[in-house]
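Because the structure is a prediction, the values reported are computed rather than measured. Computed over heavy atoms, backbone and side chain alike; hydrogens, waters and symmetry mates excluded.
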Amino acid sequence: MFQVFLISLILVGFAVIAWRKRAYPVAAGLGGLGALLDVPGASEVATAIDSSGLWPLVACSALMAPISVFLLVHHWRHSKTTVRRWSSRHRRRQGVASTWQLLWFGSAWAMRRRAKIVRPSLRSISWWERLGVPATEFAVPLLQAGWTRVWCSVEDVVLVFGGPRTGKTAWLAGRIIDAPGAVLVTSTRTDLLKLTGDLRARRGPVHVFNPTGMGGRATNIRFDPLQGCTDPVTAAERAEDMIPMGSGDTERDNWAGQARHALSGLLYAAARGGLGMAAIARWVGSLDDDNIKAEIVEKLGKGDEVLCDLVLGFLKTNSRTRSSITASMRPALAWLTNPAARDAAAATGPLDVAELLRARTTIYLLGAQTTHSASLVAALTGHVAREARRIAAMMPGGRLDPTLTLALDEAALICPVPLAQWTADMGGNGITIISAFQSRAQMLSKWGAAGSAEIINNAGAVMLYGGTTDRDDLLYWSTVLGDREETYEQRGPDGRVSGTASRQVPTFAPAQLRSLPEHHAIILRRHMGPVIGKPERAWKRRDVRAVLAQARAMTQDPTMSESAWTQTTTAWRAARDAEQAVVDAAEQVVRSASGDQS
């Protein structure tokens with residue numbers, strides 16, 4: 001009798017599970033069979049029919065159990081059941097990410113699961129040693145949601161949207177300080193340099209590229225846009241960086257495309273002739289002069305056949321068309337009117353990107369909110385990014401290790417690089433892109449509707465600060481953030497509550513997005529619902545407070561000279577170099593041991 005009861009209990013258990021999963025036919029069949037086995041006298045009848053006792057019933061139950069499991073799994077994976085299950089979870093979470101989602105997809109532990117992929121060098125150490133590696137070496141902290149910190153991988157593109165003085169620069173400063181490798185920073189102010197420059201000096205050299213002379217900061221790194229342009233491919237890439245496209249205006253993009261082709265040929269001719277960018281500006285201003293045309297043809301010589309034909313076709317076109325092309329080309333050369341920009345472009349030798357990456361260099365590209373220096377800043381940014389991508393292709397795993405971080409603050413104003421293309425594949429090369437904008441409308445004005453949609457779609461994480469009052473932006477983000485189910489009271493004509501009902505409302509209404517509390521932001525991440533929390537502010541960090549306090553002490557104590565501060569920074573660098581030498585020696589020993597074993 002005990003065997004009969006046990007089998008009956010198992011079948012009834014399966015029936016309950018099937019009923020809860022709304023597989024009613026399966027539940028009815030299993031429940032009926034379980035009840036039949038539990039009928040009084042069932043075992044006596046079975047013994048009388050078959051001398052083997054309960055074995056036929058046991059065989060029947062054993063046959064029904066796997067069939068029931070198969071039907072339950074099939075029902076569980078059915079599209080209808082999946083949608084119903086997801087909808088139920090969405091209602092329970094009120095449209096935002098659950099704690100389980102935060103832990104599984106956005107926690108530091110979740111980032112450690114991919115640490116060996118995004119940082120191939122971590123494969124050579126044990127899992128126990130990897131636990132001691134700071135999460136900032138392979139992940140980017142986004143914000144603090146309750147007791148949980150939300151992260152994203154260094155291979156994810158991060159976009160930050162927030163109006164002036166909402167805190168995005170303070171958050172970006174922390175990401176620059178924590179970046180494990182080389183960093184390239186663009187900014188319209190000197191705030192990031194003041195907050196992070198001294199701390200980045202502990203990791204490697206710090207350079208400033210200041211073509212506008214902002215804040216009296218001297219330029220200590222120079223870049224000539226003609227560098228490498230004797231190669232036709234490099235000349236075409238440099239022209240692409242200096243003349244942006246994708247604004248959404250078909251006619252404007254058409255002329256910009258032709259200007260790119262023409263500028264690439266002129267860059268190629270000037271580089272082959274050993275001239276400077278000033279010669280190109282002179283050519284563009286006097287293309288109706290036959291002597292200028294003859295000079296360009298002479299400098300081209302017997303170079304690349306296709307590019308030479310392209311330049312000759314440009315020179316032979318009618319003056320009206322040529323004037324329209326040069327009009328689209330002139331903004332890329334406007335920086336030549338600024339003495340500080342000309343000095344920043346007066347390089348004495350090529351810029352070695354491989355050495356910059358190896359030394360974990362930080363480069364600050366400063367530019368005012370004007371367009372005359374944007375092409376020069378974009379040319380340097382594009383050169384570093386493209387060379388880094390070529391170097392990554394030759395490294396283990398096809399990634400830079402440590403990663404290169406592109407911290408593009410106000411990218412739409414001073415650095416209109418082709419983000420639509422970069423965000424598609426740079427992350428897989430070990431290049432982290434963090435770009436900050438004042439609004440989505442600002443992105444639309446620079447890259448157009450299609451380009452902006454592509455950039456946002458390629459982003460692994462989007463951070464939204466409050467403060468914007470643009471109706472289209474608020475409606476767009478409210479739609480992207482999704483809906484939730486809200487219960488409300490129904491009232492009769494007399495005003496009394498007659499019942500309750502539910503309705504779909506935005507998880508974050510436009511008015512809520514506009515009036516987000518100070519120092520709060522909303523995160524959109526893949527595989528997760530939206531998360532609201534507090535991003536880190538750089539001036540709250542201990543290391544930043546210590547540096548600022550020491551800087552204040554320097555200004556208040558006249559006995560502490562600038563050389564003392566320089567000596568302190570030099571000591572930090574020496575300690576870092578010594579630590580790196582020990583690591584390199586250990587890696588060499590490991591490689592030697594591996595070679596002996598092989």
Side-chain angles (χ1 to χ4, degrees), residues 85-86 89-90 92-160 171-181 183 203 396-405 407 426-434 458-464 481-482 519-538 540-543 583:
R85 186 169 65 252
W86 288 356
R89 291 176 181 174
H90 188 77
R92 292 197 306 269
R93 297 195 301 261
Q94 291 296 305
V96 298
S98 64
T99 303
W100 173 252
Q101 283 184 327
L102 292 179
L103 295 176
W104 186 256
F105 296 112
S107 64
W109 171 75
M111 298 300 105
R112 289 187 184 277
R113 297 201 305 264
R114 291 186 54 82
K116 294 190 296 183
I117 299 176
V118 300
R119 291 291 301 273
S121 61
L122 297 179
R123 300 172 186 172
S124 60
I125 62 178
S126 65
W127 67 271
W128 180 256
E129 292 173 318
R130 281 197 298 274
L131 290 178
V133 177
T136 52
E137 292 291 316
F138 47 80
V140 176
L142 299 175
L143 50 71
Q144 189 78 25
W147 295 101
T148 306
R149 175 169 287 188
V150 184
W151 301 71
C152 71
S153 174
V154 291
E155 64 180 355
D156 289 333
V157 176
V158 182
L159 302 180
V160 185
W171 175 83
L172 185 60
R175 309 296 68 77
I176 295 170
I177 296 171
D178 293 334
V183 184
R203 289 185 179 265
R399 297 171 182 267
L400 294 178
D401 191 359
T403 56
L404 166 66
T405 301
M426 285 293 190
N429 296 316
I431 301 175
T432 304
I433 298 179
I434 305 175
N458 292 336
V462 177
M463 181 181 294
L464 305 176
L481 291 169
H519 306 311
H520 282 71
I522 298 173
I523 286 293
L524 278 172
R525 272 216 54 205
R526 291 194 185 105
H527 316 302
M528 288 173 47
V531 184
I532 186 169
K534 290 186 176 182
E536 181 187 62
R537 288 165 284 170
K540 293 286 187 178
R541 296 171 55 119
R542 289 184 178 180
D543 49 3
V583 174

To the nearest 0.5 Å, what is the distance between CZ (F105) and NE2 (H527)?
6.5 Å
Per the salt bridge (charged side-chain N to carboxylate O under 4.0 Å, His left out) rule, what does the pair list look like for residues 99-117, sequence neighbours excluded?
R114-E155
Pick from V154, T403, T432: which one makes a side-chain contact (heavy atoms from CB on, under 4.5 Å) with V118?
V154
Quick one: pull up CD1 in I523 and CG in L102 and give me the separation to the nearest 0.5 Å.
11.0 Å
About how many Å separate CZ of R149 and CD of Q144, when rounded to the nearest 0.5 Å?
5.5 Å
Heavy-atom closest pair, residues L143 and A521
CD2-O, 3.7 Å
Test item: S126 side-chain N/O and E129 main-chain N/O as donor-acceptor pair under 3.5 Å:
yes
Can you list the steps and then say if R399 with D401 is a salt bridge (Lys or Arg N to Asp or Glu O under 4.0 Å)?
CA-CA 6 Å; R399 297 171 182 267; D401 191 359; over 6 Å; no
Nearest atoms (heavy-atom pairs only) where P396 meets P120:
O-CG, 3.6 Å
With side chains defined as the heavy atoms from C-beta onward, is the minimum distance between P141 and E536 less than 4.5 Å?
no
Any chance you could lay out the side chain to side chain contact (heavy atoms under 4.5 Å, CB included) test for I117 and F138, step after step, and finish with the verdict?
CA-CA 9 Å; I117 299 176; F138 47 80; over 6 Å; no
Tightest non-hydrogen contact, residues S107 and L103, listed as OG-O, 2.5 Å
Determine, step by step, whether I434 and L172 satisfy the side chain to side chain contact (heavy atoms under 4.5 Å, CB included) criterion, reporting the C-alpha distance in whole Å, the side-chain angles of both residues, the deciding distance to 0.1 Å, and the verdict.
CA-CA 8 Å; I434 305 175; L172 185 60; 3.6 Å; yes
Sidechain-backbone polar pair: R119 side chain, E137 backbone, donor-acceptor under 3.5 Å
yes
Is there a side chain to side chain contact (heavy atoms under 4.5 Å, CB included) between V133 and I125? Walk through the geometry before answering.
CA-CA 10 Å; V133 177; I125 62 178; 4.2 Å; yes
Considering all heavy atoms of both residues, which atom of V150 and which atom of R525 are nearest to each other, and what is their separation?
CG1-CD, 4.4 Å
Could you tell me the separation between the CG atom of L524 and the CZ atom of R526, rounded to the nearest 0.5 Å?
11.5 Å
Which atom names give the shortest non-hydrogen contact between A108 and W151, and what distance separates them?
N-CD1, 3.5 Å
CG (L400) and CE (M426) are apart, to the nearest 0.5 Å, by 10.0 Å
Tell me whether R175 contacts the main-chain N or O of T405 through its side chain, where contact means a donor paired with an acceptor under 3.5 Å.
no
Rounded to the nearest 0.5 Å, what separation is found between the CG atom of N458 and the CG atom of D156?
11.0 Å
For the student: nearest non-hydrogen atoms of L142 and A461, plus distance
CD1-CB, 4.0 Å
